[in-house]
Asker: 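For reference, the structure I am asking about is given below.
As the structure is a computational prediction, the values presented were derived from the model and not from experiment.
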Amino acid sequence: LLNVNDDRVLPFPADFLWGAATAAYQIEGAADKEGRSPSIWDTFCSIPGKVHNGDSGAHACEHYYRYADDVKLMKDLGLKAYRFSISWSRLLPAGTGKPNHRAVDFYQSLLSELCSSGITPVVTLYHWDLPQCLEDKYSGWLSREVIDDFEYYASVCFDCFGSEVKHWITLNEPWCACALGYGSGEHAPGRSQDPGKEPYLAAHHMLLAHARAVKCYRDQYQNTQGGNIGITLNMDWKEPLGDNAADQAAQRRALDWQLGWFADPIYKGAYPATMRERCGDRLPEFSDNEVELLKGSSDFFGLNHYSTDFVSPGEDGPPATPNFFADQDVKNISDPRWQRTDMGWDIVPWGFEKLLCWIQKEYAPAGGILVTENGCAIRENTEAEALQDSTRVEYLQGYLAQLHKAMANGAAIKGYLVWSLLDNFEWSFGYAKRFGIVRVDFVTQQRTPKASAHLISSLCKGEKLRVPSRIHVSSEFVPFH
Ligand code: GBH
């Protein structure tokens, strides 16, 4: 038996899927080129004040033109897997209908470079970039019409790319797309008009669109193409502030409103009871057929994880008009001793172990858990500073040690993809926040691997994880209250 508290050199299974992740709008550039039509993120970026510095994904990492060099870089690092997303509005500029052949060529070329380099593609269908024409036509995710259009888009992807792709992800982090896109308005489409209803409605349609794409794959492609398909959900761990029933109930609500909102319909066939109780008819209902469609609609559990909070009940009481965030009645609290990333997110490795074990226990996901994102933004003022990204290296060592511990404690974890391969367009933060294990100079587009890239590279090559003794591996911690 492994005792990770004493053993600072941690082995991982030989078939563990190590790699890195990106998303289309964050790296591709060529946003108004080669037949691509705008997505809701192009529109959102053009509204003054929405994105830091007026930045956009118009050029980003120019990956659309530099993909061959980027795959070469991944090959040099020895990545086993690469997660990227397909741009819906590049492939189907009208949102539906005839595919753009230049987009088909682009993604097929990317896939063939990956395959000839021995890198396993993990492909996301939707990483937040709805075609703007569908937003204009029927208000995008607020309409049931999007479900058919998403299923059709997915089927085009399976047709065009399914012979190379064995790992499909339908949606990336629907929580962000709904809570930030329709609740706070921080993300596209930037709506906050009806925050007590729209996040729930958009989420309902996302869940159904996900389930229909999965059914389509299983019915028409899985037998011949032999891949698997799942969803990626994001969860920050929530630890009860105190050892009391009120804080434990707040933890349950916090988990339900972020993870359970999506995972419960997929794994249990219903929204969490806490949501049903508190939202009443603002939370849409699934028909019996829809419950059947949703249940079991993920071949693996894709998880993105970044940070942890302590939680206790909210203090504000119910707001005058209902609101997604207030519905939860949760107050998030940080330990002031925690170190923070450049996003202001707390670095709390032990929360990762708790979350992974929670998912294993609560959902026991068939096909296991695939960590599809984890990583951090670090302030890197100069290139020299960036290349010695010791804070990121320590973040990864701490989080990976906890992932290792979760595996030792029974969590079935199949792989780990770091966010992100490249510094890129960090949504409303523009280019000001750098998550890459590879430095990108946005003037010259030069790529340079950072120390963290060498860490990931060593793991890809089968080396054990070395965790310096100053990094805590134990999940025992001293609550600050
Ligand atoms: C992901 O979302 C996205 O999938 C990816 O595109 C993006 O570039 C990447 O992360 C980095 O942002 O305030 O301490 O409680 C991240 C989802 C949800 C993670 C909010 C952090 C708040 C942490 N995020 N969460 S805290």
Side-chain angles (χ1 to χ4, degrees), residues 19-31 36-45 51 56-58 60-61 63-64 67 70 81-92 95 103 106-107 110-111 121-132 134-135 140-141 146 149-150 153-154 156-157 161 165 167-182 186-189 202-203 205-207 209-210 213 229-234 262 298 302-306 370-375 417-430 433 435-436:
T22 64
Y25 192 65
Q26 298 183 267
I27 65 162
E28 282 183 6
R36 181 183 179 278
S37 74
S39 78
I40 55 175
W41 265 96
D42 296 272
T43 309
F44 190 69
C45 291
V51 176
S56 80
C61 306
H63 172 75
Y64 185 84
Y67 72 92
D70 288 341
Y82 172 55
R83 171 178 180 235
F84 66 94
S85 79
I86 293 173
S87 161
W88 184 345
S89 68
R90 190 184 291 290
L91 187 64
L92 301 178
F106 167 69
Y107 292 111
L110 170 60
L111 285 165
V122 178
V123 182
T124 310
L125 295 173
Y126 187 74
H127 202 121
W128 307 351
D129 46 358
L130 187 82
Q132 179 63 39
L134 301 183
E135 186 70 24
W141 292 107
V146 72
D149 283 345
F150 183 75
Y153 160 62
V156 173
C157 292
F161 314 120
V165 179
H167 305 279
W168 290 103
I169 292 165
T170 53
L171 305 177
N172 176 71
E173 300 190 351
W175 182 91
C176 285
C178 296
L180 309 180
Y182 298 86
E186 291 161 80
H187 277 191
H205 297 148
M206 283 188 202
L207 278 161
H210 149 81
I229 185 163
I231 193 167
T232 277
L233 304 177
N234 64 295
F262 300 96
S298 202
L303 174 70
N304 293 354
H305 173 74
Y306 289 89
L370 178 63
V371 177
T372 44
E373 289 182 25
N374 171 245
L417 310 173
V418 67
W419 185 270
S420 177
L421 177 70
L422 302 171
D423 291 334
N424 60 41
F425 174 70
E426 179 48 33
W427 306 112
S428 48
F429 297 88
K433 304 293 176 194
F435 276 87

Asker: Might you point out which heavy atoms bring Asn234 and Cys176 nearest each other, and give the distance in Å?
Answerer: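 Between these two residues, the closest heavy atoms are ND2-SG, 3.9 Å.
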Asker: Do the side chains of Asp149 and Leu134 get nearer than 4.5 Å, heavy atoms only?
Answerer: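 They are in contact (side-chain heavy atoms under 4.5 Å apart), so the answer is yes.
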Asker: Phe425: which residues meet the ring-ring contact (aromatic ring centres under 6.0 Å, His included) condition with it, sequence neighbours left out?
Answerer: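 For Phe425 the ring-ring contact (aromatic ring centres under 6.0 Å, His included) partners, ignoring immediate neighbours, are Tyr25, Tyr431.
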Asker: According to side chain to side chain donor-acceptor pair (under 3.5 Å), who are the partners of Tyr306, at least two apart in sequence or on a separate chain?
Answerer: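 Tyr306: side chain to side chain donor-acceptor pair (under 3.5 Å) contacts with Glu373.
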Asker: Within the distance-only criterion (no hydrogens, no angle test), does the side chain of Arg36 pair as donor or acceptor with the backbone N or O of Ala31 below 3.5 angstrom?
Answerer: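 Yes, because the side chain of Arg36 sits within donor-acceptor range (under 3.5 Å) of the backbone of Ala31.
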Asker: For Phe44 and Val51, which heavy atoms make the closest approach, and how far apart are they?
Answerer: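 Where Phe44 meets Val51 most closely, the heavy atoms are CD2-CG2, 4.3 Å.
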Asker: If you measure from OG on Ser420 to CG on Asn374, what distance do you get to the nearest 0.5 Å?
Answerer: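 Going from the OG atom of Ser420 to the CG atom of Asn374 covers 12.0 Å.
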Asker: Partners of Ser56 by side chain to side chain donor-acceptor pair (under 3.5 Å), sequence neighbours excluded?
Answerer: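 Applying side chain to side chain donor-acceptor pair (under 3.5 Å) to Ser56 gives none.
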Asker: Just to verify, what does Ser37 make a side-chain contact (heavy atoms from CB on, under 4.5 Å) with, not counting sequence neighbours?
Answerer: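 Counting only residues at least two positions away or on another chain, Ser37 forms a side-chain contact (heavy atoms from CB on, under 4.5 Å) with Ser89, Pro93.
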Asker: Do you know the tightest heavy-atom contact between Leu171 and Met206?
Answerer: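 Distance-wise, the nearest heavy atoms are CD1-O, 3.4 Å.
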Asker: Do His187 and Ser428 come within less than 4.5 Å of each other through their side chains, counting heavy atoms only?
Answerer: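 Side-chain contact under 4.5 Å: yes.
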Asker: Between Trp141 (side chain only) and Val146 (backbone N and O only), is there a donor and an acceptor less than 3.5 Å apart?
Answerer: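 Absent.
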Asker: Nearest 0.5 angstrom please: Thr124 OG1 to Asn172 CG, how far?
Answerer: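 Those atoms lie 6.0 Å apart.
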Asker: Not counting sequence neighbours, which residues clear ring-ring contact (aromatic ring centres under 6.0 Å, His included) with Phe84? List them please.
Answerer: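 Only Tyr82 meet the ring-ring contact (aromatic ring centres under 6.0 Å, His included) criterion with Phe84.
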Asker: Output every pair passing salt bridge (Lys or Arg N to Asp or Glu O under 4.0 Å) with a member in residues 19-30, not counting sequence neighbours, ordered by first then second residue.
Answerer: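 Output for this query lists Glu28-Arg90.
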Asker: Quick check: do Trp175 and Asn304 have side-chain heavy atoms less than 4.5 Å from each other?
Answerer: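 Trp175 vs Asn304: side chains apart.
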Asker: Do Glu173 and Trp128 make a side-chain contact, defined as non-hydrogen atoms from C-beta onward lying under 4.5 Å apart?
Answerer: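 A side-chain contact exists here, since the closest heavy-atom pair is under 4.5 Å.
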Asker: Please find the pair of heavy atoms, one from Leu130 and one from Gly140, that lie closest to each other, and give the distance.
Answerer: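 Minimum heavy-atom separation between Leu130 and Gly140: CD2-CA, 3.6 Å.
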Asker: Looking at CG of Leu370 and CG of Leu303, how far apart are the two atoms once the value is rounded to the nearest 0.5 Å?
Answerer: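 Result: 9.0 Å between the selected atoms.
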Asker: Only counting residues at least two apart or in another chain, list the ones meeting ring-ring contact (aromatic ring centres under 6.0 Å, His included) with His305.
Answerer: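 By the ring-ring contact (aromatic ring centres under 6.0 Å, His included) rule, His305 matches Phe352, Tyr399.
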Asker: Sequence neighbours excluded, which residues qualify as side-chain contact (heavy atoms from CB on, under 4.5 Å) partners of Ser298?
Answerer: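 Here the qualifying residues are Ile231, Ile266, Tyr267.
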Asker: May I ask you to decide if Gly436's main-chain N or O and Asp423's side chain share a donor-acceptor pair within less than 3.5 Å?
Answerer: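 Side chain of Asp423 to backbone of Gly436, a donor-acceptor pair under 3.5 Å: yes, one is there.
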Asker: Arg83 versus Ile169: any side-chain heavy-atom pair under 4.5 Å?
Answerer: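 Counting from C-beta outward, Arg83 and Ile169 do come under 4.5 Å.
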Asker: Residues two or more places apart in sequence or in another chain: which of them pass side chain to side chain donor-acceptor pair (under 3.5 Å) with Glu426?
Answerer: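 Glu426 satisfies side chain to side chain donor-acceptor pair (under 3.5 Å) with no residue once adjacent residues are dropped.
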Asker: Using side-chain contact (heavy atoms from CB on, under 4.5 Å) as the criterion, list what pairs up with Phe161, not counting sequence neighbours.
Answerer: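 So Phe161 forms a side-chain contact (heavy atoms from CB on, under 4.5 Å) with Ile86, Leu91, Val104, Tyr107, Gln108, Leu111, Cys157, Val165, Trp168.
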Asker: Return the set of residues passing side chain to side chain donor-acceptor pair (under 3.5 Å) with Tyr64 (not counting sequence neighbours), or none when no residue passes.
Answerer: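 With neighbours one apart ignored, the set is Glu34.
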Asker: About how many Å separate OG1 of Thr22 and CG of Asp70, when rounded to the nearest 0.5 Å?
Answerer: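 Separation between the atoms: 9.0 Å.
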Asker: Give the minimum heavy-atom separation between Gly181 and Pro189, together with the two atoms involved.
Answerer: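 So the two residues come closest at O-CD, 3.7 Å.
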Asker: Could you list the residues that satisfy side-chain contact (heavy atoms from CB on, under 4.5 Å) with Ala23, not counting sequence neighbours?
Answerer: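 Applying side-chain contact (heavy atoms from CB on, under 4.5 Å) to Ala23 gives Gln26, Ser85, His127, Trp419.
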Asker: With rounding to the nearest 0.5 angstrom, report the CG to CZ distance, Leu207 to Phe262.
Answerer: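 Answer for the CG-CZ pair, Leu207 versus Phe262, is 5.5 Å.
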